[in-house]
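Following: one structure in structure tokens, then a few remarks.
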Amino acid sequence: MATKHVYFYGTSGTDGDATMKNLLGGKGANLAEMAKLGLPVPAGFTITTEVCTHFMKSGGEYPEGIEDQVAAALRQTEECMGMKYGDPDDPLLVSCRSGARQSMPGMMETVLNVGLCSKTIPGLVKKSGNERFVWDAYRRLITMYSDVVMEKSEGIEPAEGQGIRHQLEKIMDEVKEAKGYTADTDLTAEDLKDLCEKYKAKVKEVLGKEFPDDAMEQLWGGVGAVFKSWNGKRAKSYRRIEGIPDEWGTAVNVQSMVFGNMGEESATGVAFTRNPATGENKFYGEWLVNAQGEDVVAGIRTPNPLNDETKSDQNAHLASLENEWGDLYKELDDIRLKLEQHYHDMQDIEFTIQAKKLYMLQCRSGKRTGTAALNMAMDMLAEGLIDEKTVVTRVAPAQLDELLHPIVDPNAEKATDAVVKGLPAGPGGACGEIVFTSDDAVTVHAAGRKCILVREETNPEDVEGMRAAEGILTARGGMTSHAALVARGWGKCCIVGAGDIKIDMASRSMSVGDKVFKEGDAITLNGTKGLVYAGELAMMDSTENPRFQKFMEIVDKYRTMTVRTNADTPEDAAVAREFGAEGIGLFRTEHMFYGEGAEKPLFVLRKMIHAGSDEERNAAIDELAPFVKRDIKATLEAMDGLPVTVRLLDPPLHEFVPQDEAVLAELAEALGVTVEEVKARGAALHEVNPMMGHRGVRLGITYPHLTDMQIRAIFEAGAELKAEGKDPKPEIMVPVTCTVKELDFVKPIYDKVAAEVSGAPAVPYGTMIEIPRAALCADQMAATAEFFSFGTNDLTQMGFGFSRDDIGGFLQEYLSEKILDADPFQTIDQEGVGQLITMSVERGRATRPDLKIGICGEQGGDPASVKFCFDNGLNYVSCSPFRVPIARLAAAQAAIG
Ligand code: ADP
Ligand code: MG
Ligand code: MG
């Protein structure tokens with residue numbers, strides 16, 4: 001049988017369903033599902049993503065047999081709708097809509113009113129009895145079609161402001177101005193008819209081609225352009241940010257048109273079945289009378305509120321659907337409930353009312369803020385709509401980040417007045433300097449400064465700048481505008497529709513009343529409330545809320561892998577405990593030589609480094625012992641009852657060699673030698689490649705007394721705490737090993753100390769696996785090591801041969817040229833370095849079946865890496881304190897599968 005390329009949906013039978021997102025795209029799959037549910041969906045058909053892939057690979061060819069399949073589906077559509085495509089008396093019009101697996105709001109193209117031409121216009125005028133509507137639909141078709149099909153999809157890239165769409169819109173503005181109109185709806189049928197003639201002439205003039213006057217030509221033009229829009233500039237850039245593979249392709253949905261612009265009894269709208277910003281279980285949406293789809297989102301007119309709950313300062317004066325057309329609102333509200341009962345999730349819907357009849361045009365799981373995701377999940381659990389496991393999957397680990405994100409300090413807020421208010425489109429607080437263009441946002445961000453992107457409204461071309469900015473502020477647009485949608489998806493602070501702002505691009509400034517803000521001036525946004533403040537307000541961490549706590553309890557119930565933290569101080573350890581850390585996976589002893597309170601131990605360490613003999617060195621080491629013990633003891637105490645993996649000294653010693661003359665002099669005096677001699681001893685420690693030099697266990701082998709001292713400090717700290725009635729759980733980790741012989745060299749020192757110190761707890765003896773050779777020889781390593789901890793920073797560095805400190809020089813090119821899919825220092829390279837991990841686990845456990853294994857690299861807090869660790873049977877991940885909740889959630893989601 002020939003491959004099925006076209007899937008029909010409608011009252012006469014639907015081919016697809018919601019599970020077929022990969023093939024039909026999200027939009028197509030859900031249109032099919034809604035049709036199956038018996039909801040009022042205008043009939044149509046979906047051309048699959050596979051056709052798109054074929055189309056791209058073959059340079060614009062369609063697979064065989066597609067014409068027949070489209071023709072058959074079109075006939076079926078015509079039968080359902082009782083109209084005929086291209087028919088002079090009763091013409092059916094269609095839209096050609098894009099729709100990938102994952103929603104990419106506004107990134108690809110859709111063309112409406114396809115099929116209007118000189119042959120069908122009179123028939124539609126006659127049938128609708130509304131000449132104005134037909135010419136309005138036609139001018140929209142010319143605008144969209146010339147832009148999408150004749151310009152963009154042909155790869156024509158006009159200069160800024162010179163695109164055909166812009167030129168046509170300018171003509172319309174001129175007409176409106178000449179006639180003294182303020183709104184598009186003021187244009188009469190005659191005006192619009194004239195306008196269409198002018199439009200067609202302009203299209204011919206600018207693009208050198210006639211606007212196609214044949215319905216079939218328009219249809220195929222539309223389909224092809226939607227496929228091509230997959231490789232449009234915006235879509236590509238969005239995919240890069242979102243990590244969507246280029247190979248997926250988009251489907252094309254050809255759907256019977258219904259008209260929200262047919263007059264005062266028609267309308268169009270968008271809604272969320274619950275509030276996407278707060279999660280409140282309230283129907284939330286916007287609508288516009290006598291308008292077509294995109295008008296609501298584009299912010300051309302301020303949309304009306306759907307109901308009282310949706311009213312805001314901007315739209316409170318406008319009629320709600322609930323009050324205006326109560327019966328239609330009721331019908332829509334019933335659909336809302338039906339959809340939630342069916343999908344068990346919040347849906348984002350598009351609807352159109354044609355002559356008081358309601359149609360559903362789209363539904364998909366709605367984007368939401370982290371706060372909303374949390375609240376909805378907990379509400380739906382209480383409502384019995386979802387179970388606990390589903391609750392766990394409803395908040396993305398990255399969204400937790402947002403929940404733990406800073407907010408504007410309420411006290412600072414109380415002390416000042418907001419300069420302007422807009423709609424709270426993206427949560428949390430943000431402050432930074434004002435920039436007015438996407439490019440400037442990128443530049444300022446790259447320079448390491450924070451900025452707020454201020455725009456009239458954003459469009460898909462702005463995504464890079466929106467990404468780079470701390471927050472986004474727009475003068476126009478509603479809660480479903482582009483800026484709001486994108487910011488919400490990212491959990492980024494965003495305020496839209498702050499209508500009192502006047503932006504003046506010429507002077508690069510914005511004003512609110514008589515206050516003027518220039519580019520570079522600081523402002524602060526409270527995206528949760530929609531308030532804008534002058535200057536830089538204090539920020540604070542969002543306090544732990546009880547709902548979040550409850551959610552994390554459920555998360556922990558389904559989590560099987562332990563989550564530890566990387567902490568070097570008792571303070572860090574305490575913070576991490578609050579975030580739910582179940583131990584320390586990496587305690588770096590060298591921390592005591594950095595920062596506050598480090599002078600004393602650092603000086604002793606320097607004495608050790610610059611010692612002239614073994615005696616001198618050992619004396620310095622003994623002098624260091626109390627500092628080391630004090631530090632370890634404090635951290636063990638902060639983590640009482642939980643394991644703490646103490647890593648023996650790791651960095652190359654020359655990192656601590658002083659340059660400061662005063663310090664050098666002091667050191668010379670302490671050692672009883674000249675400053676020159678001290679300098680010479682420091683210089684002798686210089687290494688060409690210190691990362692691979694004298695460090696880690698190598699120090700422990702050349703200076704056994706140093707090893708002895710550290711191990712003794714650990715045992716003694718443990719013994720002392722036990723004597724104090726505490727429950728210390730220290731573990732010893734040997735770093736930078738490449739052969740078991742190193743572990744075997746250090747082990748007798750460990751055994752000797754263990755025998756000498758009485759009253760200490762059991763102290764497991766393990767190693768970091770961070771050198772590829774150690775990974776390869778994991779079976780041997782495990783003969784001595786009681787546990788492994790993957791040091792994935794070094795393992796990645798040495799696995800790739802990429803210097804961690806110098807990757808900045810080429811990483812950007814590697815990412816943009818797709819040589820790397822992601823920065824391997826942030827997320828484990830599962831394909832390559834991951835093999836070393838998988839292999840070590842297998843080989844290590846072959847030798848020692850109960851070998852405990854964890855990871856302590858940066859990647860331990862990255863959700864994808866956490867899942868990888870889970871899949872490889874690791875016992876724990878360890879990450880920075882603030883990522884602990886994220887890792888807990890990622891681990892629970894991995895366990896649920
Ligand atoms: P996007 O993916 O950018 O949301 P859509 O394909 O959903 O693009 O279409 C853009 C707008 O056109 C939406 O508001 C949608 O509701 C409207 N629209 C699409 N197809 C039809 C149709 N057949 N009848 C009426 N409106 C439509
Ligand atoms: Mg849509
Ligand atoms: Mg290391």
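Atoms within a ligand are numbered from 1 in the order they appear, just like the ligands themselves.
- E294 CG, 3.9 Å is the protein heavy atom nearest to atom 11 (C) of ligand 1.
- In terms of protein heavy-atom proximity, atom 24 (N) of ligand 1 is closest to V258 N, 3.1 Å.
- Note on residues 212-252: pairs passing ring-ring contact (aromatic ring centres under 6.0 Å, His included), not counting sequence neighbours, are F55-F227, Y62-W220.
- The atoms of ligand 1 that sit less than 4.0 Å from any heavy atom of T110 are 5 (P), 6 (O), 8 (O), 9 (O), 10 (C).
- A 4.5 Å side-chain heavy-atom check between W287 and V296 finds every atom pair outside the cut-off.
- Checked by atom type, the side-chain pair T53/E247 shows no donor-acceptor distance below 3.5 Å.
- Distance alone, capped at 3.5 Å, is enough to place a donor-acceptor pair between the N30 side chain and the C363 backbone.
- A 4.5 Å side-chain heavy-atom check between I335 and M34 finds every atom pair outside the cut-off.
- Nearest protein heavy-atom neighbour of atom 3 (O) of ligand 1: G106 N, 3.8 Å.
- Counting only protein atoms, the N, O or S atoms lying less than 2.8 Å from the Mg ion (ligand 2) are E350 OE2, Q362 OE1, ordered by chain and residue number.
- Put simply, the side chain of L423 does not reach to within 4.5 Å of the side chain of I495, judged on heavy atoms.
- Backbone and side-chain nitrogen or oxygen atoms of R364 are examined, and none is located within less than 3.5 angstrom of a nitrogen or oxygen of ligand 1.
- Q347 and H342 are not linked by any side-chain donor-acceptor pair at a separation below 3.5 angstrom, with hydrogens and angles left out of the test.
- Considering backbone and side-chain N/O atoms, T352 never comes within less than 3.5 Å of an N/O atom of ligand 1.
- Not a single heavy atom of P42 sits less than 4.0 Å from an atom of ligand 1.
- At a heavy-atom distance under 4.0 Å, only side-chain atoms of L361, from C-beta outward, approach ligand 1.
- At a heavy-atom cutoff of 4.0 Å, ligand 1 is contacted by no atom of M108, backbone or side chain.
- Two residues are said to be in side-chain contact when any heavy atoms from C-beta on lie closer than 4.5 Å; V148 and S153 fail this criterion.
- Of the protein's non-hydrogen atoms, the one nearest atom 23 (N) of ligand 1 is S256 O, 2.9 Å.
- Taking atom 13 (C) of ligand 1 as the reference point, the nearest protein heavy-atom neighbour is E350 OE1, 3.3 Å.
- Here the heavy atom of the protein found nearest to atom 22 (C) of ligand 1 is M257 SD, 3.5 Å.
- Here the two rings, on F259 and F133, have centers that are under 6.0 Å apart.
- Looking at K27 against ligand 1, only its side chain comes within 4.0 Å, counting heavy atoms.
- Using a 3.5 Å distance cut-off with no hydrogens or angles, the side chains of N113 and Q292 do pair a donor with an acceptor.
- Looking at heavy atoms from C-beta onward, V41 lies in side-chain contact with Q255 at the 4.5 angstrom threshold.
- For atom 20 (N) of ligand 1, the choice among C96, S95, S103 with the nearest heavy atom turns out to be S95.
- Checked against a 3.5 angstrom limit, the closest N/O atoms of S98 and ligand 1 fall outside it.
- Protein heavy atom nearest atom 19 (C) of ligand 1, with residue, atom name and distance: R97 NE, 3.2 Å.
- Of all the heavy atoms of L112, the ones lying under 4.0 Å from any atom of ligand 1 belong exclusively to the side chain.
- When side chains are defined from C-beta on, V226 does not count as touching T110, because their heavy atoms never get closer than 4.5 Å.
- For atom 14 (O) of ligand 1, the closest non-hydrogen atom on the protein side is G293 CA, 3.1 Å.
- Taking the six-membered ring where the residue is Trp, the centroids of Y359 and F351 are separated by 6.0 Å or more.
- When heavy-atom distances to ligand 1 are checked against a 4.0 Å cut-off, Q255 comes that close through both its backbone and its side chain.
- Residues E109 and K152 meet the side-chain proximity criterion, which asks for heavy atoms closer than 4.5 Å.
- L306 pairs with exactly one of Y284, F272, Y329 by the side chain to side chain contact (heavy atoms under 4.5 Å, CB included) rule, that one being Y329.
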